[in-house]
Q: 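Let me begin by handing over the structure; questions about it come next.
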Protein chains: 2
Amino acid sequence: MLDLAVDADMMKNSRHCRRERPYHHGDLYSSLVKAAEELLEIKGANALSLREVCQCAGVSHAAPYRHFRDKAALMEAVAKAGFDQLGAMTRDARTKHPGDPVMQILDAGRAYVAWATENPERTRLMFGGMMKSEDIDEDLHRTAEAAYDEIYRIIDDGRSAGVFGGRDTDSVVLSAWSAVHGLTMLILGSGKLTPDSPGDVRDLADVVGETMLSGIRSR
Amino acid sequence: MLDLAVDADMMKNSRHCRRERPYHHGDLYSSLVKAAEELLEIKGANALSLREVCQCAGVSHAAPYRHFRDKAALMEAVAKAGFDQLGAMTRDARTKHPGDPVMQILDAGRAYVAWATENPERTRLMFGGMMKSEDIDEDLHRTAEAAYDEIYRIIDDGRSAGVFGGRDTDSVVLSAWSAVHGLTMLILGSGKLTPDSPGDVRDLADVVGETMLSGIRSR
DNA sequence: CATGAATGTTGACAATGCAAACATAGATGT
DNA sequence: ACATCTATGTTTGCATTGTCAACATTCATG
């Protein structure tokens, strides 16, 4: 159990936990995903047990197997939800600053880093490679691709408008995404970078964002 | 067991496995680290069991507890060894191109990405944040810091020589490291980037490296 | 209203991390 | 040389975990 234990009361009070249980849950699939997301952030990916998720969702320990092939499959669903959110945020950044690719990419970067630091375990799950590639569902793949495409559109529009340079769009996207993603993983992974406030996070994102921008701008 | 099973014979033939076992192993500490490194790459971080490591090292399943507090402590030792290698490679990149910070940083980046793609699981262990921060040993922290300092020296020398710009050295280091590290994690994490050959890896590193350099160079 | 397909539950099993009690052997002091 | 101490392994045992098989309940559909 270690010292990471979350006592039963705490879980009962959690948002996605149920007290009375009719035999049929109603929407167990999404309840499990929600419960897994919650517990994931509390306990960390390694210490997260399927049985705990079940307990939190108010269901017996074998119930998930009617909806997920595996524990890994449940985690894939969690990851997929994360990619959905990330993709949506990038789309927001794009539509929020129409015709201004620089602000679009900066805003997307800020949002990316901010979301990741607010959901560190989910981010590690998505990018830490805790899922072996063979396990990655086709669905998950498509979702991740969609998030990538949002960035691609920003960069491609910017290059068409003559704001960004680079030999081809993919190279620029790769560089930009690498920088933002790298900062994110450094914040999450190493004990070295430990921003205390959301403001600090944003400052870090801006430092990296500006440097990356000056390498990307057409000249 | 899943399909990741490594049969006993395979493990017996592995380099760090022993057949005859005198009661006292001799150098169990480093044998365990070696065995863990090997099995880590074969089975992945999640599927790696301490008992398997023991079997591979030719000792009983409780032997490691004389040398490591935990399973986590053993993994920390593996991570530490990784940081040592990474730090050494960066130092090499620096000494190999004396007085040429651009080549130093490019070479360091190439080496970083190359090493990581050759040791994906070890890299994930080091940066994927599979170790909760509280568990991170002081020793590990110092080692990671030393690797960081190598990059810092390259950038700082380059700024003194007027080759690199930026407001302060830390900002530049952060940006450069983020880009390289981000590319690395994207290669390891997402199923999207899947370079087939070491040459491909180097090309990707150069694409990102060039972009980052043009954002970092003084102008 | 019966029947079958979905959906949950219970019980069992092997694998795992860990700890306590026990065993061995190489070093140390006399 | 001998007894003893301590470092290092081993065995046994336990709680937790993921997964499966057998059983139970509900709901929809004829």
Q: Which listed nucleotide (C/dG17, C/dT10, D/dT8) is nearest to the side chain of B/His67?
A: D/dT8

Q: Quick test of your reading of the model: are A/Arg142 and A/Asp139 salt-bridged, counting only N-O distances below 4.0 Å?
A: yes

Q: Side chain of B/Ser60, heavy atoms from C-beta onward: which of D/dT11, C/dC18, C/dT9 has the nearest atom to it?
A: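 Per side-chain heavy atoms of B/Ser60, the pick is D/dT11.
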
Q: How long is the line joining CZ of B/Phe68 and C1' of D/dA7, in whole Å?
A: 16 Å

Q: If you define the side chain from C-beta out and look only at heavy atoms, does anything of B/Glu150 sit under 4.5 Å from B/Met89?
A: no

Q: Given atom NZ of B/Lys71 and atom C1' of C/dT16, what is their separation to the nearest angstrom?
A: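 Going from NZ in B/Lys71 over to C1' in C/dT16 covers 8 Å.
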
Q: In whole angstroms, how far is the P atom of D/dT10 from the CD atom of B/Gln55?
A: 13 Å

Q: Report the nucleotide, chosen from D/dG13, C/dT10, D/dT10, that has the shortest atom-to-atom distance to any side-chain atom of A/Ala62.
A: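 Ranking D/dG13, C/dT10, D/dT10 by closest atom to the A/Ala62 side chain puts C/dT10 first.
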
Q: On the nucleotide D/dT17, are OP1 or OP2 found under 4.0 Å from the side-chain N or O atoms that A/Ser49 carries?
A: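 So the side-chain polar atoms of A/Ser49 do come within 4.0 Å of the phosphate oxygens OP1 or OP2 of D/dT17, strictly under.
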
Q: In this structure, how many angstroms lie between the P atom of D/dT11 and the CZ atom of B/Arg66, rounded?
A: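 Whole-Å distance recorded here is 14 Å.
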
Q: Atom CZ of B/Arg51 to atom C1' of C/dT16: distance rounded to whole Å?
A: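 Computing the B/Arg51:CZ to C/dT16:C1' distance gives 6 Å.
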
Q: Can you check whether B/Phe83 and B/Phe127 have ring centres sitting under 6.0 Å from each other?
A: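 Between B/Phe83 and B/Phe127, the centre distance is under 6.0 Å.
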
Q: Using the ring pair (Phe, Tyr, Trp, His ring centres under 6.0 Å) rule, collect all pairs that involve residues 27-55 of chain B, keeping only residues at least two apart or in two chains.
A: B/Tyr29-B/Phe68

Q: Let me confirm one number: the OG-CG distance from B/Ser171 to A/Asp206, rounded to the nearest 0.5 Å.
A: 11.0 Å

Q: Whole angstroms only, please: what is the OH-C1' distance between A/Tyr65 and D/dT17?
A: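 To the nearest whole Å, that distance equals 9 Å.
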
Q: Classify the side chain of B/His61 and the base of D/dT12 as holding, or not holding, a donor-acceptor pair under 3.5 Å.
A: yes

Q: Out of C/dG17, D/dG18, D/dG9, which nucleotide sits closest to the side chain of A/Leu50?
A: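 Nearest listed nucleotide: D/dG18.
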
Q: Please report, rounded to the nearest Å, how far the P atom of D/dT17 is from the CG atom of A/Leu74.
A: 15 Å

Q: Can you measure A/Glu52 atom CD to D/dG18 atom C1' for me and round it to whole angstrom units?
A: 14 Å

